[in-house]
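Numbers restart at 1 for each chain; the letters A, B, ... are given by sequence-line order, proteins then strands.
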Number of protein chains: 2
Amino acid sequence: MKKYTIKDIAELAGVSKGTIDRVIHKRGNVAKDVEDKVKQLLSDINYQPNLIARNLKNNRIYQISALLPDPQKDAYWQVCSDGMQQALSEFSAFDIRMNTFLFDPTDTKSFIKQHKKLLDSTPDMILMVPLFYKEAKTVLEEYKSLNIQVCTFNNQIDASAASFIGQDLYQSGRVAAKLMHSIIDNGDMAIIHIDEKYKNAVHMQEKEKGFKSYFEDLKGFKDDILKCKIRYTETEDKLRDFLKDHPNLTGIFVTNSKAFHVARLLESENKNHIKLVGYDLLEENVRFLKNGVIDFLIHQNPRQQAYLGLKFLIEHLVFEKDIPGQYLLPIDIINSENVKPFLRA
Amino acid sequence: MKKYTIKDIAELAGVSKGTIDRVIHKRGNVAKDVEDKVKQLLSDINYQPNLIARNLKNNRIYQISALLPDPQKDAYWQVCSDGMQQALSEFSAFDIRMNTFLFDPTDTKSFIKQHKKLLDSTPDMILMVPLFYKEAKTVLEEYKSLNIQVCTFNNQIDASAASFIGQDLYQSGRVAAKLMHSIIDNGDMAIIHIDEKYKNAVHMQEKEKGFKSYFEDLKGFKDDILKCKIRYTETEDKLRDFLKDHPNLTGIFVTNSKAFHVARLLESENKNHIKLVGYDLLEENVRFLKNGVIDFLIHQNPRQQAYLGLKFLIEHLVFEKDIPGQYLLPIDIINSENVKPFLRA
DNA sequence: CCATACATTGTGCTCGAACACAGTATTGCG
DNA sequence: CGCAATACTGTGTTCGAGCACAATGTATGG
């Protein structure tokens, strides 16, 4: 039951602690037979180094840098800093310095620029949102060549060595579909993609696929699933036209956080019979959820994503824990009654 | 930016580190003027002790004991040990010894007996499920008089000094109501309490209150909310009768984890048009959720409750963090499409 | 045969906090 | 004045791991 120390092992092996240390850290200069004996002993008693002592001795200042979208440009990212703050407070016993670099989520140039600035901060590890596929891929290559561990969240850049935290978007589309299916009886449905200024195309396509797949799996389902792509600048007019063109509509699925645009219109045109499912707990979305215009929101939990990402990085630094290659968060279903605790958590 | 050590402060104050230490730990034997000066200095530079060093020096073995229902008697509790395991693994750097005492959730005597055994393990802190109100109250008094910090979860024993982790049950009833309201159009609803062998009466009553309050808040709602109390042993017959007596039924809310009993009957009698909302991700519930007999389950997340409870206790021991008096988990809504990640998490 | 290179092993200090104990100064009392 | 009690203050060791450096022992070449 007692925990063995290096000193204990030295006594057991009949050598000094220096030798044990050399074996553990493969620093050489140990006779072959002694090395074998010590290795055997270490595995026999399943030696676990005292990480408290190790950290005290090493006494390092860890530098973690983050490359994130600017919450001033898109409120979705506001809660990330809360999550990071929580992780930092849990590990306040260690000296961890954070440097956060915010880029404009509508501007790839800003992404590259902030990435360059980040490199100057000589980070031990990096937390980032690889919002732009092509640019992110380049940037990740660079980190890899510099041998810096990276943890990404929100956007999955496949075939990269970096670890990823996020949600299964296809499945999230299926969740939306199931919700829709349970609240509407018949009539047409529409999937509405409201383009953000930056491309979240992959996100939205995956969700659409999932949504459709749910209804395809149903035997005997025959109502239409319409589709509507709207550019950010022309949202209101195009939406109004779309609703006019499809009077039979009973359900709308908005594939990103812009459901409030649709909600606004539905409210002003008194089309409250149309069910609405969307994403993310933005202030405006929550307002429409509470007054019943939006029926369900799916929570992508950016706060938790940032929290976990930073936590994984820190645990790797201080405890040498493995970082999971991929970690998929549960898909939270939110209605007007359970929304409250999610706003703070 | 640099972190100050006791040695730094000693130099700044022009005294030795021994004196600084005496001031910090209020060990007396310090001249009044020196004490004031050091105190001022400490607060000026906002001294934070290096908790790594403190833990290395103290080098204590912490003993935490848990008093939990036996998962063999009720599968609901199975996942608690996973949560506890996760907390332990996160703090594996510290020497924390767990002793778990399992009681029969149908037997108050067993609760008391295991509590007595627990006391023999001389714990520093206690994690417990205060399942039986009266007995728990006594037991908590005893812990208090012994000056042992306790963290409770699942059942809230009001007016106790112990901290509590769980859900807002009233609100959880409202969530169920909102779900029900969104999936049924008209017809009668029923709240069904299926008594467990042990009393969860308070739980179920709170949920019922919440459920009703939601519909009372709706203007113009006039359908009936029926109520049915069933004892565990007579479940099937009484349920069958109840369904026969109320052919107009379109929605059933089961206030605990026993929804699968109702689901079984609905399936065998081909009454799939009746919507069903219940609690907890038991294997059987999940099966009926996936095949569509159960529409929604509310997840009380006992795994997370146990995880957080243990984590709070450990963080208090090793980092002297405060334990929140009450911590309410978000109320998770589960349907057939998002259930999967909740089963492991 | 001794000096030197080389392989191997042991010793001792460090990280920062905690605390026992030794040391110094001041006061009171016979 | 002297001696002890009291009131402070300073020193040194410990926790376990990591690492620099000292200290062994052995072999090789001149």
Side-chain angles (χ1 to χ4, degrees), chain A residues 1-39 41-42 45-62 91-96 317-321, chain B residues 1-39 41-42 45-62 91-96 317-321:
Chain A
M1 212 59 212
K2 189 209 173 249
K3 289 204 173 176
Y4 288 96
T5 71
I6 282 191
K7 213 175 126 198
D8 296 331
I9 293 159
E11 266 168 41
L12 285 172
V15 294
S16 75
K17 68 198 184 85
T19 302
I20 306 297
D21 185 70
R22 273 181 287 265
V23 173
I24 289 174
H25 293 285
K26 303 189 177 74
R27 294 203 271 119
N29 290 325
V30 180
K32 187 79 179 65
D33 56 333
V34 177
E35 182 174 353
D36 290 344
K37 190 177 153 192
V38 171
K39 270 185 178 163
L41 197 55
L42 285 172
I45 63 174
N46 183 29
Y47 169 71
Q48 301 294 133
N50 183 326
L51 297 175
I52 303 294
R54 172 177 292 176
N55 273 289
L56 177 61
K57 181 60 184 72
N58 291 352
N59 205 23
R60 281 195 51 195
I61 296 170
Y62 298 104
F91 290 93
S92 56
F94 305 88
D95 199 348
I96 293 166
L317 285 176
V318 299
F319 297 142
E320 290 180 357
K321 291 207 181 158
Chain B
M1 211 60 211
K2 188 205 173 252
K3 287 203 176 178
Y4 288 94
T5 71
I6 282 189
K7 213 175 126 198
D8 296 332
I9 294 160
E11 267 169 41
L12 285 172
V15 294
S16 74
K17 65 200 181 84
T19 301
I20 307 296
D21 185 70
R22 273 182 287 264
V23 173
I24 289 173
H25 294 285
K26 303 188 177 74
R27 295 203 269 116
N29 289 325
V30 180
K32 187 77 180 65
D33 56 333
V34 176
E35 181 174 354
D36 289 344
K37 188 176 155 194
V38 171
K39 270 184 176 162
L41 196 54
L42 285 171
I45 64 174
N46 185 29
Y47 169 70
Q48 300 294 131
N50 182 327
L51 297 174
I52 303 293
R54 173 178 292 176
N55 272 289
L56 177 62
K57 181 64 186 70
N58 291 352
N59 207 21
R60 281 194 52 193
I61 296 169
Y62 298 104
F91 290 93
S92 57
F94 304 88
D95 200 348
I96 293 167
L317 285 176
V318 301
F319 297 142
E320 291 180 358
K321 291 206 181 158

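- Judged by atom type and distance alone, Arg22(B) reaches the base of dG10(D) through a side-chain donor-acceptor pair under 3.5 Å.
- Rounded to whole Å, the distance from NE2 on His25(A) to P on dA20(D) is 12 Å.
- For Thr19(A), whose side chain is taken as the heavy atoms from C-beta onward, the closest listed nucleotide among dG16(C), dT9(D), dT9(C) is dT9(C).
- Considering CG of Asp95(B) and CD1 of Ile61(B), their distance stands at 5.0 Å, rounded to 0.5 Å.
- With hydrogens and angles ignored, the 3.5 Å screen pairs a side-chain donor or acceptor of Asp8(B) with a backbone N or O of Thr5(B).
- The base of dG16(D) has none of its N or O atoms less than 3.5 Å from a complementary donor or acceptor on the side chain of Lys57(B).
- A distance of 13.0 Å separates CZ of Arg54(B) from CG of Leu56(A), quoted to the nearest 0.5 Å.
- As judged by a 4.0 angstrom heavy-atom cut-off over every strand, Ile6(A) is placed among residues touching the sugar-phosphate backbone only.
- Nearest nucleotide to the Tyr47(B) side chain, out of dG18(D), dT8(C), dA17(C): dA17(C).
- Closest approach to the Ser16(B) side chain among dA18(C), dT9(D), dA17(C) is made by dT9(D) (side chain taken as heavy atoms from C-beta onward).
- Toward the 5' end of DNA chain D, the nearer of the two residues Lys17(B) and Asn59(B), judged by each one's closest nucleotide, is Lys17(B).
- Asn55(B) comes within 4.0 angstrom of no nucleic acid atom, judged by non-hydrogen atoms across all strands.
- Residue Arg54(A) places its side chain closer to dA17(D) than to any other of dG16(C), dG10(D), dA17(D).
- Nearest nucleotide to the Arg27(B) side chain, out of dG18(D), dC19(C), dG16(C): dC19(C).
- Using modelled atom types, no side-chain atom of Lys3(B) and backbone atom of Asn50(B) make a donor-acceptor pair closer than 3.5 Å.
- Among the atoms of the strands shown, base atoms are found under 4.0 Å from some heavy atom of Asp21(B).
- At whole-Å resolution of the value, CG in Asn29(B) and P in dC19(C) are 14 Å apart.
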